[in-house]
> 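Let me give you the structure first, and then I'll get to my questions.
All values below come from the heavy atoms of this structure, side chains included, with hydrogens, waters and symmetry mates left out. Here is how names work: the chains are called A, B, and so on, in the same order as the sequence lines, proteins then strands, and each is numbered from 1.
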2 protein chains.
Amino acid sequence: MGLFSKTCEYAMRAVFYIASHSADGSRPGIKEIAENINSPEHFLAKILQKLSKGGIISSIKGPNGGFYIEPNGLKRPLADIITCLEGDEIFTGCGMGLSYCSESNPCPLHNEFKKVRNQLTHMLYKTSIGEFNSELLTGALTLNK
Amino acid sequence: MGLFSKTCEYAMRAVFYIASHSADGSRPGIKEIAENINSPEHFLAKILQKLSKGGIISSIKGPNGGFYIEPNGLKRPLADIITCLEGDEIFTGCGMGLSYCSESNPCPLHNEFKKVRNQLTHMLYKTSIGEFNSELLTGALTLNK
DNA sequence: CGAATAAAAGACAAAAATATCTTTTATTCA
DNA sequence: TGAATAAAAGATATTTTTGTCTTTTATTCG
């Protein structure tokens, strides 16, 4: 098991893919996205539905439809994807799963673990959804396999 | 979902508990441990069996039996618990689950994510199993709820 | 309008993680 | 030796995550 769930892994990859194709106004469909990020098509569909309801991405039905992201949306942080799909437990929860653990009543690992969480939080907030658009479009970066 | 699985959360709590009681030569049993770290007894039993096979903890059957940790074992890093139970994917895996991702062929998040992984790795290696023994024995730190 | 397209939604299936219960094995001690 | 104790091991159940398939709804365009 990696740090993130499959759901979040697929979501980040898909959003990066959609973002890079939203620059030129194109709207990739589920099938194209799933192929290019190497994810199960219908499972990804569910994820994108949730991201769509959460306002992270937009979609249009019918011919020439698909998924896209508003120019403003490209500035949003990656963290919004995680929060939309699984809440903020990964940003705030205790490393050992202790509910009493807090700043005022810390568990053994609290202070050290906080550094890890903060680093993760920082990374996910400072990275924007559209951050890698040009590298992805030129093929310098890829999202499959 | 937190950063670690329930398995790892219970395991870390249980090992800290056992460690703190191994200082004085006592050997808590499954029931006592489960109660004090607030975990399901039989599920924890499976975890401790695996940690025992992995040499992280030791056990003795029969009356006056239970779990304990050798003095030398108290110096081992917390990371050994995670590795024993779930391998080292959490220390090495790509943040977005891309198998091609490596130092020479990095994914978009690679460099930033590496910092998080390194911080996590560092914390788990520099923290020893017996690190909090005195605080746990005096009750300054607790492991339940 | 009606056919084609594509996302949304719903139902279901498989796998993995988590949890519970029972039986077996090893050990102690009277 | 035999009863009691406690971990090991095995079997089963539940829940969550992940994955697949089908039907519905919205949109476009001839």
> Separation of B:Glu41 atom CD from C:dA19 atom P, in whole Å?
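About 14 Å, once rounded to whole Å.
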> Give the rounded distance in Å between these two atoms: CG of A:Leu44 and P of C:dA9.
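Taking CG of A:Leu44 and P of C:dA9, I get 15 Å after rounding.
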> Let me know, please, whether B:Arg27 or A:His42 comes out on the 5' side of the other along DNA chain D by nearest nucleotide.
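Result of the comparison: B:Arg27.
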> Spell out, as yes or no, whether a donor-acceptor pair under 3.5 Å connects the side chain of B:Arg117 to the backbone of B:Gly93.
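Yes; at least one donor-acceptor contact below 3.5 Å.
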> How many whole angstroms separate atom NZ of B:Lys53 from atom P of D:dA7?
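Going from NZ in B:Lys53 over to P in D:dA7 covers 16 Å.
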> Verify, without hydrogens or angle tests, whether B:Ser22 (side chain) and B:Gly25 (backbone) share a donor-acceptor contact under 3.5 angstrom.
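Checked: no pair found.
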> Any side-chain N or O of B:Ser52 less than 4.0 Å from the OP1 or OP2 oxygen of D:dA8?
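Indeed, a polar side-chain atom of B:Ser52 lies that close.
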> Contact class for A:Lys46 vs. all strands (heavy atom < 4.0 Å): base, sugar-phosphate, or nothing?
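Counting heavy atoms under 4.0 Å across all strands, the contact made by A:Lys46 includes a base.
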> Give a yes or no on whether the backbone of B:Thr142 and the side-chain of A:Tyr100 come within a donor-acceptor separation of less than 3.5 Å.
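The answer is yes, because a donor-acceptor pair under 3.5 Å joins these two groups.
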> Name the residue closer to the 5' end of DNA chain D, choosing between A:Cys8 and A:Pro63 according to the nucleotide with the nearest heavy atom.
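Residue closer to the 5' terminus by nearest nucleotide: A:Cys8.
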> Heavy atoms under 4.0 Å, any strand shown: does B:Lys50 hit a base, just sugar-phosphate, or nothing?
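Since no nucleic acid heavy atom lies under 4.0 Å of B:Lys50, the category is nothing.
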> If only side-chain N and O atoms of B:Tyr10 are considered, is one of them under 4.0 Å from the OP1 or OP2 phosphate oxygen of C:dT18?
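No, B:Tyr10 has no side-chain N/O under 4.0 Å of OP1/OP2 on C:dT18.
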> What integer distance in Å separates A:Glu9:CD from D:dT17:P?
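That distance rounds to 14 Å.
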> So, the side chain of A:Ser52 versus the backbone of A:Leu48: is there a donor-acceptor pair under 3.5 Å, distance only?
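Not a single qualifying donor-acceptor pair exists.
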> B:Arg13 has an atom CZ; how far is it from atom C1' of C:dT18, in whole Å?
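These atoms are roughly 14 Å apart.
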> Please determine if a side-chain N or O atom of A:Ser59 lies less than 4.0 Å away from the OP1 or OP2 oxygen of C:dA8.
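Looking at the OP1 and OP2 atoms of C:dA8, one of them is under 4.0 Å from a side-chain N or O of A:Ser59.
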> Would you kindly check whether a donor in the side chain of A:Lys6 faces an acceptor in the base of D:dT18, or vice versa, at under 3.5 angstrom?
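When only heavy-atom distances are counted, A:Lys6 does not reach the base of D:dT18 through any donor-acceptor pair under 3.5 Å.
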> Axis-to-axis angle across the helix from C:dC1-D:dG30 to C:dA30-D:dT1, five pairs an end, to 10 degrees?
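What I find for the helix from C:dC1-D:dG30 to C:dA30-D:dT1 is an axis angle of 0°.
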> Counting just side-chain N and O atoms, does B:Lys61 come under 4.0 Å of either OP1 or OP2 of D:dA9?
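No, outside the criterion.
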> To the nearest angstrom, how far is A:Leu48 atom CG from C:dA8 atom P?
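After rounding, the reported distance stands at 8 Å.
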> In this structure, how many angstroms lie between the C1' atom of D:dT27 and the OH atom of A:Tyr68, rounded?
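Roughly 13 Å, once rounded to whole Å.
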> Take atom CD1 of A:Ile60 and atom C1' of D:dT25, then tell me their distance rounded to the nearest Å.
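Roughly 15 Å, once rounded to whole Å.
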> To the nearest 0.5 Å, what is the distance between CD on B:Glu41 and CD1 on B:Ile30?
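Between B:Glu41 CD and B:Ile30 CD1, I get 6.5 Å after rounding to 0.5 Å.
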> Compare the minimum distances between each of D:dG19, C:dA19, D:dA11 and the side chain of A:Phe43, then state the nucleotide with the smallest one.
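Comparing D:dG19, C:dA19, D:dA11 against the side chain of A:Phe43, the answer is D:dG19.
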> Given side chains that start at C-beta, do those of A:His110 and A:Asn105 come closer than 4.5 Å, heavy atoms only?
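In short, these two side chains do not touch, never coming nearer than 4.5 Å.
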> Side chains of A:Thr127 and B:Glu112: donor-acceptor distance under 3.5 Å anywhere?
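Short answer, no.
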> Do A:Leu120 and B:Leu3 come close enough that some side-chain heavy atom pair is under 4.5 Å?
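When only atoms from C-beta onward are counted, B:Leu3 and A:Leu120 do touch, with a gap below 4.5 Å.
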> Using OP1 and OP2 only, check whether a side-chain N or O of A:Thr7 sits under 4.0 Å from D:dT18.
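Affirmative; the distance criterion is met.
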